[in-house]
Amino acid sequence: MAERFRCPWCEKDDLYRRYHDEEWGNPVFDDKIFFEFMILEVFQAGLNWHTILKKRDGFRNAFDGFDVVKLSRYNEDRVEELMSNSDIIRNRLKILAAINNVKRFIEIQEEYGSFSNFIWSFVEGEPVVNFPKSSSDVPATTELSDTIAGFLKKRGFKFMGSTVVYAFLQATGLVNDHLKTCWRSH
């Protein structure tokens with residue numbers, strides 16, 4: 001079997017390689033998965049993705065499997081519980097942003113029928129495939145992420161600036177930035 005070339009960012013360890021091979025850039029249509037990535041990306045802001053992946057199971061447990069109904073009911077007592085949970089990133093502003101964002105997420109679901117309908121409308125239902133030649137060709141933001149971030153900000157989302165949104169779009173497959181040489185780009 002021929003060697004599979006991967007995007008170089010994922011060669012840190014097996015956890016990163018599995019994420020690259022099985023998830024990153026795969027189109028998502030399930031609102032629960034969208035919400036999970038939204039929360040993970042909020043917590044990733046200012047950190048590296050590898051740190052978040054290592055704590056992903058901890059986030060799933062701490063945030064009730066990313067059940068939006070349960071999360072929408074979180075109160076100050078729950079915030080304090082999360083602040084003492086070493087299995088997640090204990091940042092009060094990000095925890096409060098996650099609780100805020102779930103409420104905004106539900107509003108979008110109610111308005112558009114699903115978050116998936118809403119987010120895919122920005123790319124007319126088709127992933128943006130870029131085929132970058134090198135890692136330096138992959139931007140941190142684009143006009144698309146600027147537009148979506150602006151919309152989300154107006155809707156009251158927190159920690160969803162253009163850079164976070166672009167990473168979210170890559171993670172959920174609305175944007176495919178696998179390098180041209182990567183086996184996942186084809």
Side-chain angles (χ1 to χ4, degrees), residues 4-10 16-45 49 52-53 56 59-60 63 65-69 71-72 97-98 100-186:
R4 287 184 168 181
F5 292 97
R6 293 182 176 95
C7 299
W9 62 262
C10 75
Y16 241 15
R17 282 187 284 275
R18 257 191 327 276
Y19 172 69
H20 170 274
D21 291 356
E22 298 170 10
E23 292 186 84
W24 194 68
N26 283 350
V28 167
F29 299 96
D30 182 314
D31 276 11
K32 188 171 184 174
I33 297 171
F34 273 121
F35 187 67
E36 176 177 353
F37 275 112
M38 181 178 286
I39 295 301
L40 295 176
E41 293 292 353
V42 162
F43 279 90
Q44 186 269 334
W49 188 242
I52 300 304
L53 284 179
R56 191 176 192 179
F59 277 104
R60 283 182 178 145
F63 284 93
F66 300 107
D67 181 312
V68 294
V69 174
L71 266 77
S72 71
N100 170 75
N101 289 356
V102 72
K103 295 171 184 169
R104 308 296 75 83
F105 189 91
I106 291 169
E107 290 168 359
I108 285 178
Q109 285 179 314
E110 290 170 354
E111 186 175 336
Y112 289 85
S114 70
F115 187 84
S116 181
N117 290 342
F118 159 76
I119 199 73
W120 280 101
S121 72
F122 285 95
V123 293
E124 298 178 6
E126 292 293 324
V128 175
V129 181
N130 292 319
F131 295 116
K133 291 179 183 172
S134 72
S135 297
S136 62
D137 293 334
V138 178
T141 65
T142 62
E143 188 176 318
L144 174 63
S145 65
D146 293 346
T147 299
I148 295 171
F151 187 90
L152 294 175
K153 183 177 181 180
K154 286 179 189 168
R155 296 296 296 254
F157 283 80
K158 306 291 183 201
F159 279 91
M160 292 297 294
S162 189
T163 302
V164 170
V165 168
Y166 196 70
F168 173 77
L169 296 175
Q170 291 171 308
T172 58
L174 278 92
V175 172
N176 182 337
D177 276 336
H178 285 284
L179 299 187
K180 196 174 191 175
T181 54
C182 176
W183 72 272
R184 289 286 321 280
S185 71
H186 305 289

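- Under the salt bridge (charged side-chain N to carboxylate O under 4.0 Å, His left out) criterion, no residue pair touches residues 125-140, with sequence neighbours excluded.
- Side-chain contact check for N176 versus N130: every heavy-atom pair is 4.5 Å or farther apart.
- Using cut-offs of 30° and 60° on the angle between ring planes, the pair F118 and F151 is tilted.
- In this structure, S162 contributes its side chain and D146 its backbone to a donor-acceptor pair below 3.5 Å.
- The side-chain heavy atoms of F37 and I33, taken from C-beta on, include a pair separated by under 4.5 Å.
- Listed by first then second residue, pairs satisfying salt bridge (charged side-chain N to carboxylate O under 4.0 Å, His left out) with a partner in residues 107-124 read R104-E107, E111-R155, not counting sequence neighbours.
- Residues D177 and Y166 have side chains in contact (heavy-atom distance under 4.5 Å, counting atoms from C-beta outward).
- In this structure, the ring pair (Phe, Tyr, Trp, His ring centres under 6.0 Å) partners of Y16, at least two apart in sequence or on a different chain, are W9, H50.
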Stepwise side-chain contact (heavy atoms from CB on, under 4.5 Å) check, L179 with V138: CA-CA 9 Å; L179 299 187; V138 178; 4.3 Å; yes
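- Between the CD atom in E143 and the CD1 atom in I148 there is a gap of 11.0 Å [rounded to 0.5 Å].
- A search for salt bridge (Lys or Arg N to Asp or Glu O under 4.0 Å) contacts involving R6 returns E11, D21, not counting sequence neighbours.
- Side-chain contact between L40 and W49 is present, with at least one heavy-atom pair separated by less than 4.5 Å.
- Interatomic distance, CD of E41 versus OG1 of T163, reported as 11.0 Å (0.5 Å rounding).
- For S145 (side chain) and T141 (main-chain N/O), no donor-acceptor pair under 3.5 Å exists by modelled atom type.
- Annotation for M160 and V165: closest pair O-CG2, 3.4 Å, computed over non-hydrogen atoms.
- Looking at F66, F157, F115 one by one, the single match for ring-ring contact (aromatic ring centres under 6.0 Å, His included) with F105 turns out to be F115.
- Judged purely by distance below 3.5 Å, without hydrogens or angles, the side chains of N26 and R184 pair a donor atom with an acceptor atom.
- Pairs of residues two or more places apart, or lying in two chains, that qualify as side chain to side chain donor-acceptor pair (under 3.5 Å) and include a residue from residues 113-123 are S114-N117.
- Scanning both residues, V68 and V102, for their nearest heavy atoms gives O-CG2, 3.4 Å.
- Between L144 and V128, the shortest heavy-atom distance links the atoms CD2-CG2, 4.3 Å.
- Within the 4.5 Å cutoff, no side-chain heavy atoms of V175 are placed close to those of T142.
- Expressed to the nearest 0.5 Å, how far CG of N101 lies from CD1 of I106 amounts to 11.0 Å.
- With contacts defined as side-chain heavy-atom distances shorter than 4.5 Å, the pair V42/K158 does not qualify.
- Side-chain N or O atoms of S185 include none that pairs as donor or acceptor with a backbone N or O of H178 at under 3.5 Å.
- Of all heavy-atom pairs spanning S134 and S136, the tightest one is OG-OG, 2.8 Å.
- No side-chain heavy atom of F5 sits under 4.5 Å from any side-chain heavy atom of W183.
- R18 pairs by the salt bridge (Lys or Arg N to Asp or Glu O under 4.0 Å) definition with nothing, not counting sequence neighbours.
- Looking at V28 and E23, their side chains never come closer than 4.5 Å, going by heavy atoms from C-beta outward.
- M38 approaches F168 most closely through the heavy-atom pair N-CE1, 3.6 Å.
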